[in-house]
Amino acid sequence: MMRRFLVCVFALIVLWCNAFAQPRKLEYHADIIIYGGTTAGIIAAVQAAKLGKSVLVISPDKHLGGLSSSGLGFTDTGDKSVIGGLARTFYQRVYQHYQNDSAWNWQQKAEYGNKGQGTPAIDGADRTMWIFEPHVAEQIMEDFVVENKLQVYRNEWLNRKSVLQLKNGQIISLETLSGKKFFGKMFIDASYEGDLMAAAKVSYHVGREANSTYAEQWNGVQALVFQHGHHFKSKIDPYQIAGDKSSGLLKGISADQPGVNGTADHKLQAYCYRMCLTDKPENRITFPKPDHYNPTDYELLLRVFNSGWNELFDKYDPIPNRKTDTNNHGPFSLDFIGMNYEYPEASYKKRKKIIKAHEDYQKGLMYFMANDSRMPQKIQVKLKNWGLAKDEFKDNNNWPYQLYVREARRMVSDFVMSENEVLGKKTVPNPIGMGSYSLDSHNVQRYVTEEGYVQNEGDIGVKAPRPYSIAYQSIVPKKTECINLLVPVCLSSSHIAYGSVRMEPVFMILGESAATAAALAIDSHKAVQDIDYGTLKNMLLNQKQQLTLDN
């Protein structure tokens with residue numbers, strides 16, 4: 001009897017252990033699944049929740065807000081009057097934050113003045129501020145999450161090797177590397193890379209198209225076209241031993257010729273980190289010496305300084321609390337030119353190597369300028385007043401979380417935004433938001449000219465004459481490819497048009513419009529390509545989105 005009792009107890013213990021040993025639930029369901037914790041992703045989630053839809057955000061990153069939370073605080077806005085909806089709400093909250101005395105830890109508000117502040121809102125009620133510290137942007141994104149009860153799954157990476165579950169042109173579910181499966185009625189790819197879009201086998205392009213592809217002028221190779229000043233203005237020798245071709249080229253200079261102007265290639269405009277620096281001693285960290293530091297990597301920079309170039313501090317754009325949004329400026333700067341071509345299609349492992357190389361290059365650049373005895377003394381002394389901000393990116397050694405992926409994949413749908421729409425040469429059908437920034441491409445490659453000197457290529461800046469609309473069809477795939485996916489970041493655009501569209505306020509605008517369209521598609525039981533545009537337009541206008549200059 002006792003033996004039978006013990007056997008029963010043992011069996012119960014085994015069952016109990018097995019029950020608790022079962023893996024946690026790995027399937028998650030929602031109306032709308034958003035991939036990417038960027039500003040576009042979070043704004044899309046907020047709008048989906050406001051429309052009564054269940055929504056899940058899958059973020060590969062721990063920190064939300066993409067570039068806006070990672071150093072890009074001196075916002076590239078263009079015409080601020082065309083930024084409406086939740087995007088404008090974000091910048092209103094920035095303004096409200098800096099009205100508090102507690103927001104000014106390292107600087108008096110009066111000392112900073114009204115830079116980027118006080119722009120009247122569309123309805124005249126609220127005011128905006130377009131310049132901010134990284135941690136402020138991140139906190140606003142986190143506030144959006146809490147206020148709207150958003151479910152965000154962080155550090156969850158799309159399993160790109162696992163084929164998406166597709167049926168009749170619909171995404172049924174996606175899987176992450178941790179084994180979680182997310183089922184939804186609608187999906188939004190809000191990543192900078194377009195990984196979900198690519199996994200869904202949607203058509204896309206990487207690199208520059210030929211001018212002939214979309215009847216453009218500023219696409220493709222643009223050698224000896226200088227519009228921003230980020231080129232070598234002096235004749236600088238490209239060889240390791242000046243004048244000796246046999247010594248080899250300095251690092252970062254390609255031995256290949258750039259190609260014929262206006263022709264296509266698969267190269268990308270350069271990436272960099274937008275550094276948050278400070279000259280406040282109590283909040284300043286000395287520039288660290290990076291891994292794999294090699295001072296010879298910056299020989300070309302020395303030659304630039306020795307030629308008389310003195311614009312180093314021209315893009316130390318001031319943000320509150322004695323900090324900067326520091327961007328690329330000049331012929332040899334933060335952009336790691338030519339070192340990102342593989343990034344869009346690379347594996348996660350390869351991308352990490354590319355990201356690490358960018359970090360080492362940029363940290364090495366700052367360390368070199370601050371410490372190498374060959375640097376011009378006046379510049380070096382001034383630079384030593386600067387360092388990384390101690391109160392930013394605290395869990396990442398004060399280094400920005402997000403590499404500035406200015407361009408990766410771009411969808412090719414039934415409508416492709418080109419420079420013709422940006423420059424007002426063609427009208428835009430079914431607008432869902434507006435942009436206004438210049439056609440803006442950073443340098444793509446560094447090469448040796450026929451005369452034997454180093455030069456950069458690809459830096460374009462052509463001002464848009466007035467704000468332009470962005471077509472709904474540019475954020476949805478071809479209907480033959482996928483009927484429940486929207487792509488507000490890696491949208492359908494030519495390389496040079498993307499140079500204008502790729503601004504953070506525009507991504508927020510398109511994220512909100514994408515979520516609105518997704519909710520409408522669910523309610524009307526239609527493919528995203530078939531929803532009634534008139535209904536969508538009215539919804540967007542009610543959300544105070546700006547669609548055309550007329551409204």
Side-chain angles (χ1 to χ4, degrees), residues 37-39 61-77 90-91 93-94 97-98 102-107 109 111-113 115-117 129-142 192 270-290 312-329 333-336 355-356 358-367 369-370 382-406 442 503-505:
T38 60
T39 53
D61 306 301
K62 173 183 175 183
H63 297 275
L64 305 179
L67 261 298
S68 291
S69 301
S70 213
L72 207 168
F74 201 83
T75 308
D76 294 325
T77 53
F90 171 84
Y91 295 106
R93 292 198 177 194
V94 171
H97 170 83
Y98 286 109
S102 60
W104 299 90
N105 300 319
W106 306 109
Q107 183 178 36
K109 181 181 176 184
E111 178 190 350
Y112 185 76
K115 299 181 184 70
Q117 298 180 48
M129 183 167 175
W130 309 88
I131 302 172
F132 48 85
E133 298 160 275
H135 74 271
V136 173
E138 183 175 4
Q139 186 57 57
I140 293 172
M141 290 292 147
E142 293 291 353
Y192 290 123
Y271 300 167
C272 73
Y273 283 93
R274 297 288 283 255
M275 293 186 300
C276 186
L277 307 183
T278 184
D279 64 351
K280 187 73 172 177
E282 302 92 324
N283 193 36
R284 183 181 66 206
I285 294 176
T286 303
F287 294 117
K289 184 177 182 179
L312 177 62
F313 301 100
D314 283 11
K315 283 301 292 178
Y316 281 43
D317 291 320
I319 62 175
N321 282 308
R322 294 274 291 272
K323 298 175 189 175
T324 70
D325 169 354
T326 302
N327 194 11
N328 178 81
H329 183 77
S333 185
L334 306 187
D335 282 355
F336 201 16
I355 290 169
K356 175 62 174 171
H358 278 72
E359 179 182 334
D360 286 345
Y361 163 78
Q362 201 161 324
K363 284 183 175 178
L365 174 67
M366 305 309 293
Y367 182 84
M369 291 191 294
K382 186 176 180 181
L383 183 64
K384 283 181 177 292
N385 292 323
W386 293 93
L388 301 179
K390 188 184 298 183
D391 62 347
E392 298 289 351
F393 319 121
K394 293 180 181 180
D395 59 350
N396 198 43
N397 296 316
N398 309 104
W399 192 253
Y401 306 121
Q402 173 69 53
L403 179 66
Y404 195 169
V405 178
R406 289 188 170 93
H442 282 232
M503 304 303 154
E504 288 288 292

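Just so it is clear, the structure is predicted and the values come from calculations on it, not from any experiment. In this chain, numbering begins with 1 at the start of the sequence shown.
Panel note: side chain Lys384, backbone Ala370; a donor-acceptor pair is recorded below 3.5 Å. Of the possible donor and acceptor atoms, none in the side chain of Arg274 sits under 3.5 Å from a partner among the backbone N and O of Ser70. Of the possible donor and acceptor atoms, none in the side chain of Tyr192 sits under 3.5 Å from a partner among the backbone N and O of Gln402.
Once rounded to the nearest 0.5 Å, the distance linking CG of Asp76 with CD of Glu504 reads 9.5 Å. To the nearest 0.5 angstrom, Glu142 atom CD is 6.5 Å from Gln139 atom CD. Here the NZ-NZ distance, from Lys390 to Lys280, works out to 12.5 Å after rounding to the nearest 0.5 Å. Separation of atoms OH (Tyr316) and CH2 (Trp386) is listed at 7.5 Å; rounding is to 0.5 Å. Taking CG from Leu388 and CG from Asn283, the interatomic distance works out to 10.5 Å, rounded to the nearest 0.5 Å. Within the model, atoms CE of Met366 and CG of Leu383 stand 5.0 Å from one another, a figure rounded to the nearest 0.5 Å.
Inter-residue side-chain proximity for His97 and Phe132 is flagged as unmet; no heavy-atom pair is nearer than 4.5 Å. By the 4.5 Å heavy-atom criterion applied to side chains, Tyr404 and Asn328 are not counted as neighbours. Considering only heavy atoms from C-beta on, Met141 comes within 4.5 Å of Thr39 through its side chain. At a threshold of 4.5 Å between non-hydrogen side-chain atoms, the residues Phe287 and Leu277 count as touching.
Legend: residues meeting side-chain contact (heavy atoms from CB on, under 4.5 Å) with His329, ordered by chain and number and at least two apart, are His230, Trp309, Glu311, Asp314, Lys315. Listed by chain and residue number, Tyr293, Tyr367 satisfy the side-chain contact (heavy atoms from CB on, under 4.5 Å) test with Lys289 (two or more places apart in sequence, or in another chain). A search for salt bridge (Lys or Arg N to Asp or Glu O under 4.0 Å) contacts involving Asp61 returns nothing, not counting sequence neighbours.
Seen from the ring of Phe90, Arg93 does not count as a face-on cation partner, given the 6.0 Å and 45° thresholds.
When all heavy atoms of Ser333 and Asn327 are compared, the pair lying nearest together is OG-O, 4.4 Å.
Side-chain atoms of Gln362 and Tyr271 form no donor-acceptor pair, as typed in the model, at a separation below 3.5 Å. Side chains of Thr75 and Thr77: a donor-acceptor N/O pair is absent below 3.5 angstrom, by distance only. No side-chain donor-acceptor contact under 3.5 Å links His63 and Asn396.
Of the residues Asp391, Asn321, Thr278, the one that meets the side chain to side chain donor-acceptor pair (under 3.5 Å) test with Trp106 is Asp391.
Side-chain rings of Phe393 and Trp399 stay apart, their centers remaining 6.0 Å or farther from each other.
Below 30°, between 30° and 60°, or above 60°: for Tyr361 and Phe336 the angle between ring planes is below 30°, a parallel geometry.
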